[in-house]
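Every heavy atom of this structure was used, including side-chain atoms; hydrogens, water molecules and symmetry mates were not.
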Amino acid sequence: MYSKLALAALLLATAEARFGQEQSVANIISSLSNFGNPGVAPTLAGSTPGVLLAGANACDKLTLADRIVSELGNDKAVIDAAKKLVAAEKNFNPFAVSIPSICSDPALPATQELRGIVPLVDPAVTGADVENANSAKSLTSPFANDGLSVADIVKANGFTNFTAQSSSGSTTAPAAGNNNNNNNNNNNNNGNNSNNGNTGAVTSAVTSAAPAATSEAADAGNGNDNNGNNNDNNGNNNDDNNNNGNDNNGNDNNGNNNDDNSNNGNDNANTGNNNSSNGVQKSTLAGADFGLCVPTMSFVGGRGNRKATEFTFLPKDPLVAKGQQEALNPNIITNRICDQLTNVCQANQAAKTACLDAKAQIKALGTKDASTAQKWNELLGFAGTDISQ
């Protein structure tokens, strides 16, 4: 009995010691006081502990990292500090929760220099050695990230023992038995139908799945070909993997988080519907269908508890702006808008291409005033849009 109590006390002490780690990141951010307006760096540093708490949304720290760059500039010291926050280990209590949470919003972080970085996880988590090695590597050599969330990137590089969490707070446990997570490895799944030589994947799945999926993980270890987890090609191009009938949608790559998966492989699904579903204004760009969204930008002062004289950029469309904070840097918002065209708007390829072209032009301009938002709206066929709302 004594030894069990001693062990429990040791584990608790270790967990508590790790709970104070956010202070090191806060100190790094606080040291940037010579960047941005007076008092901004300490304020941002003061927000750091809150986004690393065990109960915080996993996407909050990515939003804060974007704010650090937006408000302090893109000096290398600022970028490096923001990177440390993106890679920081979120507090985790193994006594209360079995696996950590990682952000599944593909639009975060919006700052290009921060994309492709994956977080550290508590060493007590199964598979932490793989993820923590990846995290260290990603700080200097970011992983491929085009159109992917941090959760997607983490899974694609071998770590699945976590819960994916969106900006709105909804969570999704990783699929049991899918430790490779479609990592473009279709030719390396030797004998997966019978789980031949794939014991490690099943072991990880049992620990990584949510409680409700535990029985599925057990079935996966019994060579159940049709349970959606232990199938040929690990979830790619599989008729029997419960992939919502994607074979009938012409989207064999839907399991790969491809940029167009929201349209079931059909960029032209909205052909003939140049207005959004809400009957909003139509773009003057020929052939560009922005689907459910209007990709315009506003430039307004006083948002986010800022001074009335401090103006920021933000998407005007609520669907595009959901989960996005206002930004001093227009490039954060242009990136968000272009990402959302794929993620939620169901825009066609012509609209996506136009958005990427406009994003490059705005970045080249380098302006951060009303003319920037006006130019953006004009480039996407919405000239004259009111940017003050």
Side-chain angles (χ1 to χ4, degrees), residues 11-26 48-65 83-106 108-109 114-139 143 145 148-181 183 200-201 203-214 217 257 323:
L11 291 173
L12 182 59
T14 301
E16 289 177 345
R18 299 190 66 77
F19 283 0
Q21 65 194 306
E22 70 272 3
Q23 195 58 46
S24 63
V25 182
T48 301
V51 301
L52 295 180
L53 290 175
N57 187 301
C59 298
D60 288 351
K61 71 168 184 169
L62 304 183
T63 300
L64 180 58
K83 284 183 175 181
K84 290 290 179 63
L85 179 57
V86 173
E89 177 188 327
K90 191 167 169 284
N91 282 339
F92 174 76
N93 182 356
F95 297 103
V97 182
S98 60
I99 55 177
S101 58
I102 296 177
C103 182
S104 63
D105 187 340
L108 294 175
L114 305 182
R115 295 187 64 81
I117 298 172
V118 296
L120 295 164
V121 296
D122 192 292
V125 176
T126 300
D129 53 341
V130 172
E131 175 58 13
N132 290 341
N134 284 344
S135 179
K137 176 183 177 182
S138 69
L139 284 171
F143 291 109
N145 59 80
L148 302 179
S149 68
V150 175
D152 293 330
I153 300 168
V154 165
K155 289 188 289 186
N157 288 280
F159 179 67
T160 61
N161 197 18
F162 66 90
T163 295
Q165 185 175 38
S166 70
S167 295
S168 65
S170 60
T171 58
T172 304
N178 191 7
N179 213 26
N180 289 327
N181 196 58
N183 195 19
T203 300
S204 176
V206 172
T207 58
S208 64
T214 303
N257 297 308

Point to revise | Test item: Asp152 side-chain N/O and Ser149 main-chain N/O as donor-acceptor pair under 3.5 Å | key: yes

Review point. Between Asn161 and Thr126, is there a donor-acceptor pair closer than 3.5 Å when you use the side chain of the first and the backbone of the second?
Key: yes

Check your understanding: Side-chain contact, heavy-atom cut-off 4.5 Å: Pro119 with Val154?
Key -> yes

Review point. Is any side-chain heavy atom of Leu64 closer than 4.5 Å to a side-chain heavy atom of Leu85?
Key: yes

Check your understanding: Which atom names give the shortest non-hydrogen contact between Asn157 and Ile153, and what distance separates them?
Key -> ND2-O, 2.8 Å

Review point. Does a side-chain heavy-atom distance below 4.5 Å link Ser166 with Thr172?
Key: no

Revision key, fill the gap. CG (Leu53) and NZ (Lys90) are apart, to the nearest 0.5 Å, by 8.0 Å

**Study point:** Between OG1 on residue Thr48 and NZ on residue Lys61, distance to nearest 0.5 Å
**Key:** 11.0 Å

Practice item. Kindly indicate whether the side chain of Val150, heavy atoms from C-beta on, has any atom under 4.5 Å from the side chain of Leu108. Key: no

Exercise for review: Please report the shortest heavy-atom distance between Gly158 and Val130, naming the atom on each side.
Suggested key: O-CG1, 4.1 Å

Exercise for review: Taking the side chain as every heavy atom from C-beta outward, state whether Phe159 and Val121 have any atom pair closer than 4.5 Å.
Suggested key: yes

Exercise for review: Give, for atom CG of Asn132 and atom CG of Leu120, the distance between the pair rounded to the nearest 0.5 Å.
Suggested key: 5.0 Å

Exercise for review: Kindly compute the distance separating SG (Cys103) from CG (Asn57), expressed to the nearest 0.5 Å.
Suggested key: 6.5 Å

Exercise for review: Give a yes or no answer on whether the side chain of Ser138 reaches the backbone of Ser135 with a donor-acceptor pair at less than 3.5 Å.
Suggested key: yes

Review point. Are the side chains of Lys83 and Leu114 in touch, meaning some heavy atoms are under 4.5 Å apart?
Key: yes

Point to revise | Lys137 NZ to Phe143 CZ distance, which is reported to the nearest 0.5 Å | key: 5.0 Å

Review point. Which heavy atom of Ala151 sits nearest a heavy atom of Ser104, and at what distance?
Key: CB-CA, 4.0 Å

Check your understanding: Any side-chain heavy atom of Thr171 within less than 4.5 Å of one from Ser101?
Key -> no

